Amino acid sequence: MLTRSFLKNYLPVLCLRKISGAGFGSPVRGGVILQSVSSDVYANLAVEDWIHDNTDLKDGHVLFIWRNSHAVVIGRHQNPWVECNLKLMRQRGIQLARRRSGGGTVYHDLGNVNFTFFTSKKKYDRMENLKLVIKALKTVQPELAVSATKRYDLVLDGNFKISGTAAKLGRTIAYHHCTLLCNADGSLLPAALKSPYHGIKSNATTSVPASVKNLLDVDPALTCEVVVDAMATEYAAQHQIDGKVKLVDPADETVFPGIGNKYTELQSWQWIYGKTPRFDVSSCFQLVYRQSRLDVKLHMNVVGGVIESCSLDLANQYLPAEMCEKLRNNLTGRRFCPDEILLLESALVKTYSGDLELYNGGICCVKR
Ligand SMILES: Nc1ncnc2c1ncn2[C@@H]1O[C@H](COP(=O)(O)OC(=O)CCCC[C@@H]2CCSS2)[C@@H](O)[C@H]1O
């Protein structure tokens, strides 16, 4: 079920691996530059996955260029509640995506361009790729004080980050992807990446915050479009291919058979939240019931985004042990949500649904 159209369009560069027993010749040397017509972060990440899973790049290489509408992209082993402000993101329509590569959290919008360099694992070389980006930028602005760091960031004036890097190494194929800030929203970027949440303990990868800058602030000529053109020209020159950029539509199953499944998975709660490394979280509340206030300490152990176990410490054993037990049972097995107050409230409603006097009497939780 391999797509003739993909082969027609993208061979001689890509040699597609056998799928369902259908093999297609031997690897062919060459390179190709693809650019997505979509600004949907999940669709673009699905293209990366698809190329990673379905191509054999023994001597071939691919540059994939893509931009997204507002999104925060966390690394494979990160905790979204630690890394970003989910409430603000919901209010501002900023998508949350988890990528397959490791590393930290970045903000994307149409003022940020992403470049994915696919090669065989042998040819994988992040510094070479970053040198290419620097060269391309310098063709537009020779005076640009841009350099690569040991962490594979690109910085301006030795200080201001304009690009972050992450990578995924497969069995035979590898990719290195990086961002490039041309004209991203300078106030949403830090706001979306600031978690209001404290008290989470885990071994998840944490991001390394940096001072960032947009290229456009240094030189108005450095728009995304100009930078993309310069990159395509430089990549083509380096790999001795024609600099034509082939536009691809991630929704086109005739080109990317089976991509719909990848897209669905990348958007799912199970992938975005469910893949969060296990963590512990502790919170203190006051439970207000009629005239009395009750201090509550809530400890939760969250595995796969779901509360695996929890404990409640209540001063003076205010609630009968069996009620505490009921409350604990109602929290256990629920999906963790950033607002423990809501979580506790809904567990209380469930626990006391048979005790209308208590519930109607107005239990409310106040975070201290
Ligand atoms: N778009 C963008 N570009 C560069 N730097 C950014 C960006 N957004 C945020 N940041 C800054 O980097 C740190 C995180 O740095 P940290 O080093 O922790 O993480 C990264 O750089 C990851 C880069 C992932 C690149 C992938 C390529 C395609 S999909 S995402 C963050 O706190 C901000 O200060």
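Note that the coordinates shown come from a computational prediction; the quantities given were computed from them, not determined experimentally. In each ligand, atom 1 is the first atom listed, and ligand 1 is the first ligand listed.
- Taking distance alone, with nitrogen or oxygen atoms compared against 3.5 Å, Asp153 stays at or beyond that limit from ligand 1.
- Between the side chains of Arg98 and Thr276, a donor-acceptor pair is found at a separation under 3.5 Å.
- Which parts of ligand 1 touch Gly164 is read off a 4.0 Å heavy-atom cut-off, strictly below it: atoms 4 (C), 21 (O), 23 (C), 25 (C).
- Protein heavy atom closest to atom 18 (O) of ligand 1, with residue, atom name and distance, is Val208 N, 2.7 Å.
- The proximity of Leu180 to ligand 1, defined as any non-hydrogen pair under 4.0 Å, does not occur for either the backbone or the side chain.
- Checking His177 against Ser101 by side-chain atom types alone, a donor-acceptor pair falls below 3.5 Å.
- Residue Asn112 approaches ligand 1 through these ligand atoms, each under 4.0 Å from one of its heavy atoms: 1 (N).
- Looking only at heavy atoms of the protein, atom 10 (N) of ligand 1 is closest to Val212 CG1, 3.9 Å.
- Residue-ligand proximity: Ala210 is placed with a non-hydrogen atom under 4.0 Å from ligand 1.
- In this structure, Lys58 pairs ionically with Asp56, as a charged nitrogen and a carboxylate oxygen lie closer than 4.0 Å.
- For ligand 1 and Lys161, the ligand atoms under 4.0 Å from any heavy atom of the residue are 4 (C), 5 (N), 12 (O), 13 (C), 14 (C), 15 (O), 16 (P), 17 (O), 20 (C), 21 (O).
- Under the 30°/60° scheme for interplanar angles, the aromatic rings of Trp50 and Phe256 are found to stand perpendicular.
- Looking only at protein heavy atoms, the nearest one to atom 9 (C) of ligand 1 is Leu193 CD1, 3.5 Å.
- With no hydrogens or angles considered, no side-chain donor-acceptor pair links Ser195 and Glu83 at under 3.5 Å.
- Taking distance alone, with nitrogen or oxygen atoms compared against 3.5 Å, His177 stays at or beyond that limit from ligand 1.
- Considering both main-chain and side-chain atoms, Glu48 never comes within under 3.5 Å of ligand 1 through any nitrogen or oxygen pair.
- By the 30° and 60° cut-offs, the orientation of the rings of Phe279 relative to Phe336 is perpendicular.
- Of all protein heavy atoms, the one lying nearest to atom 32 (O) of ligand 1 is Pro209 CA, 3.3 Å.
- For the pairing with Asp49, the salt bridge (charged side-chain N to carboxylate O under 4.0 Å, His left out) check across Arg76, Arg100, Lys168, Arg99 returns one residue only, Arg100.
- Of the protein's non-hydrogen atoms, the one nearest atom 31 (C) of ligand 1 is Thr105 O, 3.6 Å.
- Salt-bridge check for Arg67 with Asp109: failed, with every basic side-chain N at 4.0 Å or more from each acidic carboxylate O.
- For atom 22 (C) of ligand 1, the closest heavy atom belonging to the protein is Gly104 O, 3.5 Å.
- Put simply, part of Trp66 is less than 4.0 Å from ligand 1, judged by heavy atoms.
- Within ligand 1, counting atoms from 1 as listed, the ones closer than 4.0 Å to a heavy atom of His108 are 29 (S), 30 (S).
- No more than 12 heavy atoms of other residues, nucleotides or ligands lie within 6.0 Å of NZ in Lys122, so this atom counts as exposed by the packing criterion.
- Checking Tyr107 against Asp185 by side-chain atom types alone, no donor-acceptor pair falls below 3.5 Å.
- In terms of protein heavy atoms, atom 7 (C) of ligand 1 is closest to Val106 CG1, 3.6 Å.
- Under the 3.5 Å distance criterion, with hydrogens and angles disregarded, a donor-acceptor pair is assigned to the side chains of Asn44 and Ser36.
- For the pair Lys262 and Glu265, the salt-bridge criterion is not met [side-chain N within less than 4.0 Å of a carboxylate O].
- Ranking protein heavy atoms by distance to atom 3 (N) of ligand 1, first place goes to Thr179 OG1, 2.8 Å.
- At a 3.5 angstrom cut-off on N or O pairs, Tyr107 counts as close to ligand 1.
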